[in-house]
Participant: 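Input: one structure, supplied below.
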Amino acid sequence: MKKLFLLVLLFAAVIFPRESFAEDNYFKVKIGKALNNGESVSVTSESSIYIVDSNLNKILDLDTKKLTVSYSEGKIVLKDGDRQFSADFSSKGNLFLASDKILKLKNAYRGYITFIENKDKVDVINYIELEDYLKGVVPKEISPSSHEEALKSQAIVARSFAMANKNKYIKQGYNLNDTTACQVYGGQSAEKEKSTKAVTDTAGIVAMYDGKVANTIYGASSGGFISDASEVWGGKPIAYMTAKEDPHSPLYEWEFKTSKSSLDSLLKKSEYLSGSLVSIEISEYDSSGRAKSIEIVGTEGVKTITGSKFRALLGNTKVKSTLFEIQFMEDSYVLKGSGYGHGVGLSQMGAMEMAKKGFTYEEILSFYFPNITVEKINERNI
């Protein structure tokens, strides 16, 4: 009888999909890698797993604490050993797995788990309230042992970023993912007491500009000079993310060395070099002193690459920013630079230093995002 009811339920969900969500402050966050045909994921809990609808009403108790969710021939299969609960579970993200305890996949997650099919793959989705989502973001983006004012600053910029980018992946049926393409998110497994308190203490507080939630970007270190967002990513200037000196952020100096032959090979493979490498130099700087354009001279011509693409080509963890100079020494190229990341918006290292000096989170945010206001809002009114 239970199996028959589940099949009827799943049929209704497919034929009459419901798009209304329980609350506007819930987010669908893609977690982990998508499931390819033939792949599966295990979902466990210390309490019985059940199914809820898009309004989060309980509709069926599966009476199991462990599920294997498989994707096979375009269908999602729910099983517990030899017990099969569904041979075609909804792949539209409108039915959710739930439990009275935390749900565990690779990491543990608050909220609910659902599935959305995209391009012959199934994305695993954590459907979660914004504040609970932030509890799994803040300790992954900044050291949870940081000063409380720095943690509060991080919580607010992370909250503002999430709200401003809520529709980033709406065409794929979800809001954000758990990578650096959005914000690193580790679920309940990542939560730490001090960072959770920062989220709770700033609940509902965001950065606002011109009546809208500001898209507050952040990175590890500005290297002493903040980048202009429009120069880094193009588009129109943004009044609260412009270039200026940053006396609070440590320089975070670094050096990267590569042989001329290695660079020659890499540039040829990437089609940024014509002939053999003759020289390479920065041909244009942006207003923050970062490498905007790099001229690559080969024996058969000259090519130009942006500083950001050059950094990515060599490796973003090796060339830590575009705030660098290039030197040629003994058949090797040496890049000496400062900062870590794109340099736009909040410098996390700078926020830490400001907090240590007694600045409040309001003062930290006002410095890194001039022209914004810090307000407590109800997301459903935005």
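Along the sequence shown, residues are numbered consecutively beginning with 1.
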Participant: Where is the tightest heavy-atom contact between Ser276 and Lys268, given as atom of each residue plus distance?
Facilitator: OG-NZ, 4.0 Å
Participant: If you look at every heavy atom in Ala155 and Ala198, which pair is closest and at what distance?
Facilitator: CB-O, 4.1 Å
Participant: Tell me if a side-chain donor or acceptor on Arg311 pairs with a main-chain N or O of Thr322 at a distance below 3.5 Å.
Facilitator: no
Participant: For Gln154 and Gln348, what are the C-alpha separation, side-chain angles and deciding distance, and is it a side-chain contact (heavy atoms from CB on, under 4.5 Å)?
Facilitator: CA-CA 8 Å; Gln154 179 64 61; Gln348 292 165 317; 2.8 Å; yes
Participant: With the 4.5 Å side-chain cut-off for hydrophobic clustering, are Val184 and Val138 part of the same group?
Facilitator: no
Participant: Identify the heavy atoms of Ser222 and Ser347 that sit nearest to each other, and give their distance.
Facilitator: N-OG, 3.2 Å
Participant: Using modelled atom types and a 3.5 Å cut-off, is there a donor and acceptor pairing between side-chain atoms of Asp246 and backbone atoms of Ser249?
Facilitator: yes
Participant: Leu313, Val232: one ILVMFWY side-chain cluster at the under-4.5 Å cut-off?
Facilitator: no
Participant: For residues Ile226 and Tyr285: do they belong to one hydrophobic cluster (side chain heavy atoms under 4.5 Å, members Ile, Leu, Val, Met, Phe, Trp, Tyr)?
Facilitator: no
Participant: Quick check: are there more than 12 heavy atoms from other residues, nucleotides or ligands sitting under 6.0 Å from NZ of Lys75?
Facilitator: no
Participant: Would Lys309 pass as a cation-pi partner of Tyr272, given that its NZ or CZ must be under 6.0 Å from the six-membered ring centre and within 45 degrees of the axis?
Facilitator: no
Participant: If the condition is salt bridge (Lys or Arg N to Asp or Glu O under 4.0 Å), which residues does Glu284 pass it with, not counting sequence neighbours?
Facilitator: Lys292
Participant: Taking atom CG of Asp53 and atom CG of Asn94, what is their separation to the nearest 0.5 Å?
Facilitator: 9.5 Å
Participant: Kindly give the heavy-atom pair with the smallest separation between Val278 and Gly298, and that separation in Å.
Facilitator: CG2-C, 3.8 Å
Participant: Checking side-chain polar atoms at under 3.5 Å, does Glu141 have a donor or acceptor matched by the opposite partner on Gln183?
Facilitator: no
Participant: Please report the C-alpha distance between Leu130 and Arg159 in whole Å, then the side-chain angles of each, then the deciding distance to 0.1 Å, and finally whether the side-chain contact (heavy atoms from CB on, under 4.5 Å) criterion is met.
Facilitator: CA-CA 8 Å; Leu130 174 59; Arg159 183 179 294 109; 3.9 Å; yes
Participant: Check whether more than 12 heavy atoms from other residues, nucleotides or ligands sit under 6.0 Å from atom NZ of Lys168, and answer yes or no.
Facilitator: yes
Participant: Hey, does the side chain of Asn55 reach the backbone of Asn57 with a donor-acceptor pair shorter than 3.5 angstrom?
Facilitator: no
Participant: Applying side-chain contact (heavy atoms from CB on, under 4.5 Å) to Phe85 and Asp80, what does each step give before you reach the verdict?
Facilitator: CA-CA 8 Å; Phe85 299 102; Asp80 173 18; 3.7 Å; yes
Participant: Do you know the tightest heavy-atom contact between Leu346 and Phe369?
Facilitator: N-CZ, 3.4 Å
Participant: For the backbone of Ser47 and the side chain of Ser45, can you confirm whether one donor and one acceptor N or O come within less than 3.5 Å of each other?
Facilitator: yes
Participant: Please determine if Arg110 and Glu191 form a salt bridge, counting it only when a charged side-chain N lies under 4.0 Å from a carboxylate O.
Facilitator: yes
Participant: How close do Ser259 and Ser332 get, heavy atom to heavy atom, and via which atoms?
Facilitator: CA-OG, 3.8 Å
Participant: Walk me through whether Ser48 and Asp61 qualify under side chain to side chain donor-acceptor pair (under 3.5 Å).
Facilitator: CA-CA 7 Å; Ser48 182; Asp61 192 337; 2.7 Å; yes
Participant: For Gln172, does its backbone N or O pair with a side-chain atom of Asn118 as donor and acceptor, under 3.5 Å?
Facilitator: yes
Participant: My understanding is that only residues two or more places apart in sequence, or in another chain, count here; which of them pass salt bridge (Lys or Arg N to Asp or Glu O under 4.0 Å) with Lys33?
Facilitator: Glu39
Participant: Keeping the roles fixed (side chain from Ser189, backbone from Asn107), state whether a donor-acceptor pair exists under 3.5 Å.
Facilitator: no
Participant: Relative to each other, are the rings of Tyr333 and Phe328 parallel, tilted or perpendicular (30° and 60° limits)?
Facilitator: tilted
Participant: Hey, are Lys197 and Asp201 close enough for a salt bridge, meaning a charged N less than 4.0 Å from a carboxylate O?
Facilitator: yes
Participant: Please determine whether residues Tyr340 and Leu323 belong to a single hydrophobic cluster, defined as Ile, Leu, Val, Met, Phe, Trp and Tyr linked transitively by side-chain heavy-atom distances below 4.5 Å.
Facilitator: no
Participant: After noting the C-alpha distance and the side-chain angles of Arg290 and Ser227, does the key distance pass the side chain to side chain donor-acceptor pair (under 3.5 Å) rule?
Facilitator: CA-CA 8 Å; Arg290 286 169 168 78; Ser227 303; 3.0 Å; yes
Participant: The criterion is salt bridge (Lys or Arg N to Asp or Glu O under 4.0 Å); which residues satisfy it with Lys356, sequence neighbours excluded?
Facilitator: Glu353
Participant: Taking atom types as modelled, find out whether Ser145 and Ser143 have a side-chain donor-acceptor pair closer than 3.5 angstrom.
Facilitator: yes
Participant: Check whether any side-chain N or O of Asn215 sits under 3.5 Å from a backbone N or O of Phe161 as a donor-acceptor pair, and report yes or no.
Facilitator: no
Participant: Taking the six-membered ring of Tyr71 as reference, does the cationic atom of Lys121 (NZ for Lys, CZ for Arg) lie under 6.0 Å from its centre and within 45° of its axis?
Facilitator: no
Participant: Restricting to ring pair (Phe, Tyr, Trp, His ring centres under 6.0 Å), what partner residues turn up for Tyr133, sequence neighbours left out?
Facilitator: Tyr185
Participant: Rounded to the nearest 0.5 Å, what separation is found between the OG atom of Ser293 and the CD atom of Glu281?
Facilitator: 12.0 Å
Participant: Any sub-3.5 Å donor-acceptor pair from Asn177's side-chain atoms to Thr179's backbone N or O?
Facilitator: yes
Participant: May I ask you to decide if the ring planes of Tyr127 and Tyr112 are parallel, tilted or perpendicular, using 30° and 60° as cut-offs?
Facilitator: tilted
Participant: Can you check whether Thr258's main-chain N or O pairs, donor with acceptor, with Ser262's side chain at less than 3.5 Å?
Facilitator: no
Participant: Taking the inter-plane angle between the rings of Phe324 and Trp254 on a 0 to 90° scale, is it parallel (under 30°), tilted (30 to 60°) or perpendicular (over 60°)?
Facilitator: perpendicular
Participant: Are any side-chain N or O atoms of Asp286 and backbone N or O atoms of Ala291, one a donor and one an acceptor, separated by less than 3.5 Å?
Facilitator: no
Participant: If you group Ile, Leu, Val, Met, Phe, Trp and Tyr whenever their side-chain heavy atoms sit less than 4.5 Å apart, what else falls in with Tyr169?
Facilitator: Ile116, Ile125, Tyr174
Participant: Are Tyr218 and Tyr252 in one and the same hydrophobic cluster, where Ile, Leu, Val, Met, Phe, Trp and Tyr link if side-chain heavy atoms are under 4.5 Å apart?
Facilitator: no
Participant: CG/Asp100 to OH/Tyr50 distance, rounded to the nearest 0.5 angstrom?
Facilitator: 4.0 Å
Participant: Under the criterion salt bridge (charged side-chain N to carboxylate O under 4.0 Å, His left out), I'd like the reasoning laid out for Lys260 against Asp264: C-alpha separation, chi angles, the key distance, then a yes or no.
Facilitator: CA-CA 6 Å; Lys260 181 179 179 181; Asp264 183 290; over 6 Å; no
Participant: Return yes when atom CG of Asp120 has more than 12 non-hydrogen atoms of other residues, nucleotides or ligands closer than 6.0 Å, and no otherwise.
Facilitator: no
Participant: Could you note down all residue pairs passing salt bridge (charged side-chain N to carboxylate O under 4.0 Å, His left out) where residues 224-241 supplies at least one of them, sequence neighbours left out?
Facilitator: none
Participant: Using side-chain contact (heavy atoms from CB on, under 4.5 Å), reason through Asp88 and Ile76 one step at a time and then give a plain yes or no.
Facilitator: CA-CA 5 Å; Asp88 192 9; Ile76 297 175; 5.9 Å; no
